[in-house]
Undergrad: 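Mind looking over this structure? Questions follow.
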Amino acid sequence: MTHRFLLIAIFVLVTVPAVAEIRTVQLAHEVTLADLRLPQADAGTIGFKSCDECDYQTERVTAATRWSLNGKTISLDDFRLGLARVTERKDVYVTVLHHLEEDRVTEVSVYLP
């Protein structure tokens, strides 16, 4: 019994420092297409609302930002064209990945029905 307790205590002591070092690097925002404002160019800003009552927040995009439509990475212009065809914009959800340390959006993705 003492050996088992000792092993459990050692395991806890070894894993606690590892857990303490976990930090959030990216946030994923899921927003409706109706609450999304796309940038005009590859380097610019994207605007979105996380909820109906929330204010718009603006985040930076760069040429390295990935634009993904139905799992395929495409250019911003093609992304805009693909979304322009959507009529029920409140029913389509977009995922915006914001890298906190770099303070920029790394990916914007959407799956269309």
Side-chain angles (χ1 to χ4, degrees):
M1 181 74 169
T2 356
H3 292 291
R4 178 184 255 171
F5 178 74
L6 184 61
L7 286 174
I8 291 172
I10 290 172
F11 177 74
V12 169
L13 288 174
V14 170
T15 58
V16 168
V19 172
E21 293 179 23
I22 295 175
R23 62 178 196 224
T24 303
V25 178
Q26 285 198 90
L27 287 178
H29 303 276
E30 189 170 74
V31 301
T32 65
L33 185 53
D35 293 328
L36 181 74
R37 296 179 182 160
L38 292 173
Q40 297 300 315
D42 287 331
T45 58
I46 188 171
F48 56 88
K49 289 178 20 174
S50 298
C51 66
D52 289 337
E53 298 81 26
C54 298
D55 292 330
Y56 272 92
Q57 64 186 74
T58 304
E59 301 297 342
R60 185 172 58 98
V61 297
T62 66
T65 300
R66 289 183 51 205
W67 304 95
S68 175
L69 182 61
N70 295 334
K72 182 180 176 190
T73 300
I74 57 177
S75 69
L76 173 59
D77 290 336
D78 290 340
F79 189 80
R80 293 175 72 80
L81 284 173
L83 297 183
R85 299 181 188 120
V86 178
T87 56
E88 299 297 324
R89 299 176 81 76
K90 282 277 190 192
D91 296 334
V92 174
Y93 288 88
V94 180
T95 303
V96 179
L97 292 179
H98 178 218
H99 194 284
L100 298 175
E101 291 177 346
E102 295 177 5
D103 193 26
R104 70 177 183 90
V105 172
T106 57
E107 182 175 356
V108 180
S109 61
V110 63
Y111 283 88
L112 297 178

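Numbers for residues simply follow the sequence, beginning at 1.
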Undergrad: For the hydrophobic clusters of this structure (ILVMFWY residues joined by side-chain heavy atoms under 4.5 Å, transitively), does one cluster hold both Tyr111 and Leu81?
TA: no

Undergrad: Rounded to the nearest 0.5 Å, how far does OG of Ser50 lie from CD of Gln57?
TA: 4.5 Å

Undergrad: Who passes side-chain hydrogen bond (donor to acceptor under 3.5 Å, both in side chains) against Arg89, sequence neighbours left out?
TA: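 If we apply the side-chain hydrogen bond (donor to acceptor under 3.5 Å, both in side chains) test to Arg89, skipping adjacent residues, there are no hits.
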
Undergrad: State plainly whether one hydrophobic cluster holds both Leu112 and Val31, where clusters connect Ile, Leu, Val, Met, Phe, Trp and Tyr through side-chain heavy atoms under 4.5 angstrom apart.
TA: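 In one cluster: yes.
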
Undergrad: Do any pairs count as a ring pair (Phe, Tyr, Trp, His ring centres under 6.0 Å) and have a residue in residues 29-69, sequence neighbours left out, and if so which ones?
TA: His29-Phe48, Trp67-Phe79

Undergrad: Working to the nearest 0.5 angstrom, can you tell me the gap between Asp78 CG and Leu69 CG?
TA: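 The CG atom of Leu69 is 9.0 Å from CG of Asp78, to the nearest 0.5 Å.
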
Undergrad: Throw together a table of side-chain donor-acceptor distances under 3.5 angstrom for residues 93-105, partners on residues two or more places apart or in other chains.
TA:
unit_1 : atom_1 : unit_2 : atom_2 : d
His98  : NE2    : Glu59  : OE1    : 3.3
His98  : NE2    : Asp103 : OD1    : 3.2
His99  : ND1    : Glu101 : N      : 3.4
His99  : ND1    : Glu102 : N      : 3.1
Glu101 : OE2    : Arg23  : NE     : 3.2
Glu101 : OE2    : Arg23  : NH2    : 2.8
Glu102 : OE1    : Arg104 : NE     : 2.8
Glu102 : OE1    : Arg104 : NH2    : 3.2

Undergrad: Between CD1 of Ile46 and CZ of Arg60, what distance do you get to the nearest 0.5 Å?
TA: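 Here the rounded value is 13.0 Å.
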
Undergrad: Does the Arg80 side chain pair with the main chain of Pro39, one donor and one acceptor, at a distance under 3.5 Å?
TA: yes

Undergrad: If you measure from OG1 on Thr32 to CD on Glu30, what distance do you get to the nearest 0.5 Å?
TA: 10.0 Å

Undergrad: Return the SG to CG distance between Cys51 and Asp35, rounded to the nearest 0.5 Å.
TA: 9.0 Å

Undergrad: Do Val110 and Leu33 touch side chain to side chain, with heavy atoms closer than 4.5 Å?
TA: no

Undergrad: Mark yes when over 12 heavy atoms from residues, nucleotides or ligands other than Lys72 sit less than 6.0 Å from its NZ; otherwise mark no.
TA: no

Undergrad: Please report the interatomic distance CD1(Ile74) to OG(Ser109), rounded to the nearest 0.5 Å.
TA: 11.0 Å

